[in-house]
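Structure record follows, encoded as structure tokens.
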Amino acid sequence: MDIIKYTLSENQMPTAWYNIQADLPAPMPPVLHPGTRGLITGADLEPLFPSELIKQEVSIERWIEIPEEVQSIYRQWRPTPLYRARRLEKALDTPAKIYYKYEGTSPAGSHKPNTAIPQAYYNKIAGTKRLTTETGAGQWGSSLAVAGAFFGLEVVVYMVKVSYHQKPYRRAFMESYGASVIASPSNETESGRKILEQYPDSTGSLGIAISEAVEVAVQDDRTKYALGSVLNHVLLHQTVIGLEALAQLEQAGDYPDIIVGCTGGGSNFAGIAFPFMGNKLRGDRDIKFVAIEPAACPTLTKGKYAYDFGDTAHLTPLVKMHTLGSSFVPQGFHAGGLRYHGMAPLLSHVVELGLIEPKAYKQLDCFAAGLTFARAEGILPAPEANHAVKGAIDEALRCREEGIGKTILFNLCGHGHFDMQAYMDYEAGLLRDTEYSNQEIAMALAGLPVIA
Ligand SMILES: Cc1ncc(COP(=O)(O)O)c(C=O)c1O
């Protein structure tokens, strides 16, 4: 019998997250204070995050235990299945073996609850009453809304205005769990009002929404801020994906030659890749890691590796990352979760160490790949995940040309059930490819902070 799904039982779910910082050949550059530009301290971060998350942010321990309360909620949908894409392999007529880890089975439909649950948990035990956050595609806001409902926390989501209008059902989803959703830029914050004065028609950006959420959090002791990607502790929580995939591939008697994922802020990619990368760094088999980003927001392929702010109003700490500049407002293309000006410092660092090959794809090619996948495998991917699908298909087609049967693993990080407007626009020929010009890049990068 040809096995399609590799599943683990609940008692085979990982009980610790993997921290790649323990295995890095070079330490990460330090995080700097946005005002003094000196080294940041844990105390500087306390208005934003509970102490357990701050500890995880700087930890170099290889394994960090997943609290039982978090594990028991993970078990609502984890372990997630690993599929062997036999029907896609056949459709592509490739000698490659293609596996995908499917994170769309979570309550929000993506990988994002893997970190929303522990973030809400650590906040709850620290006495936090309210969480503020940003959301692009709505996946992260949905995940935090679910987590807030589980732990009895109030959740306020600043949703990038273009997505707020493109995705009304995501908004309704968040509100169903009791969250408040505000279109960003809004008139409710100083940062939002400043943007609206200058650009009354602003469609918003993740950078602006982050500024609004951070501003509200720092003004109230009982409110903290939660981020859906980029930070070390977020990437850490996502490693449950790769750890499960390792065990599932062992069941299949396989090991990947190539791992592919899409990158917005870097968390789902790190989640699937880091446990395997850790093996490689500790001397195990070599793997090619391919990170796919949108050509319209080419952070890794065209951005600069430099210190920058995580938000537009410059309220966040300064981190060294691949960036297009914090003033960059990406076009309203449909993979809303990939429209961020920066990249996780940890992923950026690993790219600088030469461990990852980044690539940029145009959205029309990604939608076409997503439909090929859906018609073969039956799952309609999120527009973000289509980037990974296209990356995996390209690798499989290369195998066909070269006549080599490599093993490809990719992360199908979410389903596209709330993205039907995007698919309708694609089918109607209304979507356009936009590329970010070198001139625009130069302009955005000209505003990077100067660090002595
Ligand atoms: C389905 C999906 N995939 C990918 C991303 C990008 O984020 P990250 O790179 O942190 O996984 C998002 C972000 O919202 C998302 O919703």
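Remember, it's 1-based here, ligands and their atoms both numbered in the order they're listed. Only this structure's heavy atoms are used, side chains among them; waters, hydrogens and symmetry mates stay out.
- For atom 3 (N) of ligand 1, the nearest non-hydrogen atom of the protein is Cys413 SG, 3.2 Å.
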Going through the distances and angles, do Asp425 and Gln421 end up as a side-chain hydrogen bond (donor to acceptor under 3.5 Å, both in side chains)? CA-CA 6 Å; Asp425 290 351; Gln421 188 62 50; 3.0 Å; yes
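- Each of the following atoms of ligand 1 lies closer than 4.0 Å to a heavy atom of Thr263: 9 (O).
- Residue His111 has at least one N or O atom closer than 3.5 Å to an N or O atom of ligand 1.
- Using cut-offs of 30° and 60° for the angle between ring planes, the Phe418 and Phe173 rings count as perpendicular.
- Side-chain rings of Phe150 and Tyr121 stay apart, their centers remaining 6.0 Å or farther from each other.
- Among all heavy-atom pairs drawn from Arg432 and Gln363, the shortest one is O-NE2, 2.9 Å.
- In terms of N/O distances under 3.5 Å, ligand 1 is approached by Gly264.
- By the 3.5 Å distance cut-off applied to N or O atoms, Gly266 is counted among the residues near ligand 1.
- Salt bridge Arg398/Asp394: absent, no basic N to carboxylate O contact under 4.0 Å.
- Counting atoms of ligand 1 from 1 in the listed order, those under 4.0 Å from a heavy atom of Leu338 are 6 (C).
- Of the N or O atoms in Asn268, one or more lie within a sub-3.5 Å distance of an N or O in ligand 1.
- Electrostatic pairing of Lys406 and Glu395 does not count as a salt bridge here, judged by no charged N lying under 4.0 Å from a carboxylate O.
- Contact analysis leaves Ala385 out of contact with ligand 1, as no non-hydrogen atom separation drops below 4.0 angstrom.
- Salt-bridge annotation for Asp286 and Lys280: present, with a side-chain N of the basic residue lying under 4.0 Å from a carboxylate O of the acidic one.
- Taking every non-hydrogen atom of Ser267 and a distance limit under 4.0 Å, the qualifying atoms of ligand 1 come out as 8 (P), 9 (O), 10 (O), 11 (O).
- Within the listing of ligand 1, atoms 8 (P), 10 (O) sit less than 4.0 angstrom from a heavy atom of Ser229.
- With Tyr122 as reference, Gln56 is the one residue of Lys224, His233, Gln56 to meet the side chain to side chain donor-acceptor pair (under 3.5 Å) rule.
- Between Gln238 and ligand 1 there is no heavy-atom distance shorter than 4.0 Å.
- Taking a 4.0 Å cut-off on heavy atoms, Gly136 fails to register as neighbouring ligand 1.
- Among protein heavy atoms, atom 6 (C) of ligand 1 sits closest to Gly337 O, 3.3 Å.
- Scanning the protein heavy atoms around atom 7 (O) of ligand 1, the nearest turns out to be Lys112 NZ, 3.2 Å.
- The aromatic rings of Phe367 and Tyr426 sit parallel, their planes meeting at an angle under 30°, below the 60° perpendicular limit.
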